[in-house]
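This report concerns only the one structure given below.
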There are 2 protein chains.
Amino acid sequence: MAEKGKTKARLLQAACELFAEKGFRDTTVADICDAAEANIASVNYYFGDKERLYDEVWRHAFAITVSTYPIDGGVEEDSDVETCLFGYARAVLSRIFSEGEAGLFPRLLNQEMAAPTLALDKIASEALLPQSRQVEDVIKKQFGDRCDDHLLRLCKLSIIGQCAFYNFSRPLRERVMGIKNVLPEEIDRMARHIASFSLGGLKQIQKQTENRN
Amino acid sequence: MAEKGKTKARLLQAACELFAEKGFRDTTVADICDAAEANIASVNYYFGDKERLYDEVWRHAFAITVSTYPIDGGVEEDSDVETCLFGYARAVLSRIFSEGEAGLFPRLLNQEMAAPTLALDKIASEALLPQSRQVEDVIKKQFGDRCDDHLLRLCKLSIIGQCAFYNFSRPLRERVMGIKNVLPEEIDRMARHIASFSLGGLKQIQKQTENRN
DNA sequence: TTCAGAATCAAACGCGCATTTGAAATAGGA
DNA sequence: TCCTATTTCAAATGCGCGTTTGATTCTGAA
């Protein structure tokens, strides 16, 4: 047996890192076994095949990210709108910029967006839809329950988009944007910006609809 | 010779569609040749190898998208801030939702974000940086030239993020967001929303910095 | 100590891929 | 018509991949 830890756990850990970095198709079983210092046959021995290992990786990544950075961002549910937006943005950005296991989820998601596998449907309904609903609720708090569905969706996507862009534009961070290491204070700063920018946006939209009536 | 058109042109067209859909690595030379009704050896005969065909595809996609939907979105350069934002958003969204050749560029970009190739550096400096600068200029028009660099960057990313999210979240459009066919009027509507949401955001940020001084 | 089940291992299998090859077909000017 | 350069073609080459195999080693309870 190799250095430390059970082989199965080492395989899972190596697979997490590699799948997140290169995606399902571009990661080879041999890569995973090398990184885990395990024999080439061990993936099949412990997980059946590459695909079931991938499922296991998703399960692990999802569990870690929601427990490490819950989507409410640690703010009270009955806080004011800007604070709720801040909590959401901070949670999402913390996940995105996490260099530990909590960062696996957004990185895997990024891969799925370019080359979806069967795993995506499950992720969409179990993880993404609830987050989307959460943002909806905050917007309703600002607009009141009487609120055009179309408008609600556009605002929701504006808010989510600001956060999610940091995930999907990963390779551009150093190339185009001037982003290197991101410290926790920096994340807070970004989240505060997104919260107040979005609040300003929501108010502007609200003003327009009131003028129209 | 097959039905119509020169073989080389058919290969390029087929390669565009397939690379945009599945990315460089997941597209096989055999797929391309089949789609172009050409022999398996024709890619190497006309382009040298798969990689040089990919370069050619990028060149083609870039040329088409900027000439079909120039990044100013067809608004005068000295228009007011909201109109400039509208122009930018409309251009970007038009490209993203285009089902024709103009849509190749964002789709290829999406693939590069998940699995970068050597092509990305060129694209970043030739296509993306200039667009980023353009948004910067609009923000400066709102804020005046005296404007914190940090703040400028955050606002820029907020604006770009709202637009680009529609590109990167492609597989979620039907799954999570309720988006199906997108008509030109709908694109205008979305662009108008992003413009006024962003203007509201900019004003909010501006108000905060003024209060701080 | 014995021994059955678990774990590891190197080698091999089968397949799909990009690319090469050398011949055949085609086209167009002399 | 003849001849040469271009284009097309089916087959082959060589490599990397996921998975399987059958043997070997390890482990822990009896």
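Naming: A, B, ... by sequence-line order, numbering from 1 per chain. The structure displayed is predicted, hence computed values, not measured ones.
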B/N181 atom CG, neighbour heavy-atom count above 12 within 6.0 Å: no
To the closest 0.5 Å, what do you measure between [atom1] ([X]) and [atom2] ([Y])?
X	Y	atom1	atom2	answer
A/D188	A/L93	CG	CG	9.5 Å
A/F165	B/I159	CZ	CD1	12.0 Å
A/R175	B/L128	CZ	CG	10.0 Å
B/R95	B/Y69	CZ	OH	10.0 Å

Listed nucleotide nearest any side-chain atom of [X], set [options]:
X	options	answer
A/D49	D/dT7, D/dT19, C/dA10	D/dT19
B/Y45	D/dT6, D/dT19, D/dT20	D/dT6
A/Y46	C/dT8, C/dT21, D/dT8	C/dT8

DNA chain D contacts made by residues 24-34 of chain A, counting heavy atoms under 4.0 Å: A/T27, A/T28, A/V29, A/A30
Whole angstrom is fine here: how far is it from [atom1] in [X] over to [atom2] in [N]?
X	N	atom1	atom2	result
B/L53	C/dT19	CG	C1'	14 Å
B/K50	C/dG16	NZ	P	16 Å
B/N44	D/dT13	CG	C1'	13 Å
A/I40	D/dT19	CD1	P	10 Å
A/N39	D/dT21	CG	C1'	12 Å
A/E37	C/dA7	CD	P	19 Å
B/K6	C/dT26	NZ	C1'	13 Å
A/K8	C/dA7	NZ	P	10 Å

Side-chain heavy-atom pair A/S132, A/K156 within 4.5 angstrom cut-off: yes
Any donor-acceptor N or O pair under 3.5 Å, side chains A/D31, A/T28: yes
B/T7 side-chain N/O to D/dT8 phosphate OP1/OP2 under 4.0 Å: yes
